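Note sheet for the following structure.
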Amino acid sequence: MKPPPFDYVAPSSLAEALQQLEEGGFDARPLAGGQSLIPMLNFRLARATLLIDLNGVDELSFLHVSDDGSLRIGAMTRQRAVERSEDVARAAPLLAEALGHVAHPQIRNRGTIGGSLAHADPASELPAVMLALGARFRVEGVNGDRWIPAAEFFFGPFMAALDPGELLVEIEVPALENGDGWAFEEVARRAGDYALVGVAAQVRVDGAGVCSSAALGYVNAAATASLAPSAAAILVGEAPTPERIAEAARAAATDDCEPPSDIHASEAYRRRLAEVLTRRALDRAFARAAEAHEP
């Protein structure tokens, strides 16, 4: 199939891109890696009268660790560059681990971090990871910029908290702290397929071995990327014993997830996957957190 007719522009600066997005109106669409948008246009699941190609906007492609230890990623940074970055491996190892599960290397070579997040696909790994990490996003329009916490950015399938004329321009991931542990788990029918369910876990334990914080982000377990507050509440303030972890996993699958049924898996099967994967992810995350306190 072929897409509907559209106009095409290739700005060389963010200011120019924002101006064109503003003037293009509701049916103007930014083009990042194009790994999702182009197929959707071809199948006429999306419509655009104007495509604004961001690949020439070099100021949106950057990756560095700030003085405070936080990780800053430009929206047009390629997924493969983030996956291979030593800075990311040190500052946000959960992100590095999860990226290996995103589609195939060919897709990650072209796909961008910001494009995936703005697309807000509930079956995508990156939104769930950013929720677990407590990231925040900087969006910008012709009238200025603002920061949006990841927990307020995704509010429906393919729906992100971007106003008309705004672009996602930067992602900030908080600094890793002593006692942090992480893990990512997912099950897909084949390597590179969308996950039936995925779990991103980021936890922290104190010197006494008590969980001081826990965040669990879910892939394909609801209409949008989601957190598991009930499971986190069971963990925080307690030692992460196998019994406590099993209880949290059950709560996540029962109370926090609202998985769909489709041709790939039933709701019941996805709930079972959510429980099993949550337990596995928490086991590995707490083991890593404990290692951080070892001499």
Side-chain angles (χ1 to χ4, degrees), residues 65-73 85-101 125-136 149-152 171-186 197-219 221 225-257 271-295:
V65 177
S66 300
D67 292 340
D68 63 1
S70 62
L71 180 67
R72 311 295 284 266
I73 306 172
S85 167
E86 293 183 2
D87 285 340
V88 174
R90 288 190 296 268
L94 174 60
L95 176 58
E97 184 171 291
L99 274 165
H101 295 268
E125 289 86 356
L126 292 182
V129 169
M130 294 302 174
L131 285 172
L133 288 171
R136 61 178 190 149
E152 299 174 11
I171 299 95
E172 181 188 54
V173 177
L176 200 67
E177 296 190 16
N178 187 39
D180 280 356
W182 66 91
F184 185 86
E185 295 279 350
E186 76 171 32
V197 172
V199 183
Q202 183 81 11
V203 302
R204 182 175 300 152
V205 297
D206 61 22
V210 173
C211 176
S212 56
S213 69
L216 294 159
Y218 285 84
V219 181
S226 56
L227 288 165
S230 298
I234 290 170
L235 295 167
V236 174
E238 302 290 341
T241 62
E243 295 77 17
R244 182 67 60 176
I245 288 173
E247 181 184 356
R250 286 191 297 270
T254 303
D255 301 330
D256 295 320
C257 294
R271 286 190 187 277
R272 177 58 177 160
L273 277 181
E275 180 178 349
V276 171
L277 294 179
T278 299
R279 188 172 66 248
R280 290 179 184 174
L282 288 174
D283 282 342
R284 291 204 297 123
F286 280 117
R288 284 168 164 165
E291 290 173 2
H293 285 292
E294 293 178 357

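Predicted model, so just to flag it, every value in this text is computed and none were measured.
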Shortest non-hydrogen contact between [X] and [Y], atoms and distance:
X      : Y      : answer
Val236 : Ala214 : CG2-N, 3.9 Å
Ala225 : Ala128 : CB-N, 3.9 Å
Pro229 : Asp256 : CD-OD1, 3.4 Å
Pro240 : Gly209 : CD-O, 3.1 Å
Ile171 : Ala135 : CG2-CB, 4.5 Å

Subject >> Heavy-atom side-chain contact between Ile234 and Ile245 under 4.5 Å >> reply: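 A side-chain contact is absent here, since even the closest heavy-atom pair is not under 4.5 Å.
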Original post:
Given side chains that start at C-beta, do those of Glu247 and Leu235 come closer than 4.5 Å, heavy atoms only?
Top reply: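 Side chain of Glu247 against side chain of Leu235, heavy atoms only: no contact under 4.5 Å found.
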Subject >> Between Asp206 and Ser212: side-chain donor-acceptor atoms closer than 3.5 Å >> reply: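 No - no donor-acceptor pair under 3.5 Å links their side chains.
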Original post:
Sequence neighbours excluded, which residues qualify as side-chain contact (heavy atoms from CB on, under 4.5 Å) partners of Asp68?
Top reply: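 side-chain contact (heavy atoms from CB on, under 4.5 Å) list for Asp68, sorted by chain: Ser66, Ser70.
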Original post:
Who passes side-chain contact (heavy atoms from CB on, under 4.5 Å) against Glu238, sequence neighbours left out?
Top reply: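 Arg244.
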Atom [atom1] of [X] and atom [atom2] of [Y]: how far apart are they, to the nearest 0.5 Å?
X      : Y      : atom1 : atom2 : result
Ser85  : Leu71  : OG    : CG    : 7.0 Å
Leu216 : Gln202 : CG    : CD    : 10.5 Å
Leu95  : Leu133 : CG    : CG    : 6.5 Å

Would you be so kind as to tabulate the donor-acceptor pairs closer than 3.5 Å made by side chains of residues 174-181, with sequence neighbours excluded?
from   : atom 1 : to     : atom 2 : distance (Å)
Asp180 : OD1    : Arg204 : NE     : 2.5
Asp180 : OD1    : Arg204 : NH2    : 3.3
Asp180 : OD2    : Glu177 : N      : 2.9
Asp180 : OD2    : Arg204 : NH2    : 3.3

Original post:
Taking only residues two or more places apart in sequence or in another chain, which ones pass side chain to side chain donor-acceptor pair (under 3.5 Å) with Asp87?
Top reply: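 Result, side chain to side chain donor-acceptor pair (under 3.5 Å) vs Asp87: Arg90.
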Quiz: residues 274-289 side-chain donor-acceptor pairs under 3.5 angstrom, not counting sequence neighbours:
from   : atom 1 : to     : atom 2 : distance (Å)
Thr278 : OG1    : Tyr218 : OH     : 2.6
Thr278 : OG1    : Ala274 : O      : 2.5
Arg284 : NE     : Glu185 : OE2    : 3.0
Arg284 : NH2    : Glu97  : OE2    : 3.0
Arg284 : NH2    : Phe184 : O      : 2.9
Arg284 : NH2    : Glu185 : OE2    : 3.4
Arg288 : NH1    : Glu97  : OE1    : 2.9
Arg288 : NH1    : Trp182 : O      : 2.7
Arg288 : NH2    : Glu97  : OE1    : 3.0

Original post:
For Arg72, which residues count as a salt bridge (Lys or Arg N to Asp or Glu O under 4.0 Å) partner, sequence neighbours excluded?
Top reply: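 Arg72 satisfies salt bridge (Lys or Arg N to Asp or Glu O under 4.0 Å) with Glu170, Glu172 only.
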**OP:** Before giving the answer on side-chain contact (heavy atoms from CB on, under 4.5 Å), spell out for Glu186 and Leu273 the whole-Å C-alpha distance, their side-chain angles and the decisive distance to 0.1 Å.
**Re:** CA-CA 9 Å; Glu186 76 171 32; Leu273 277 181; over 6 Å; no
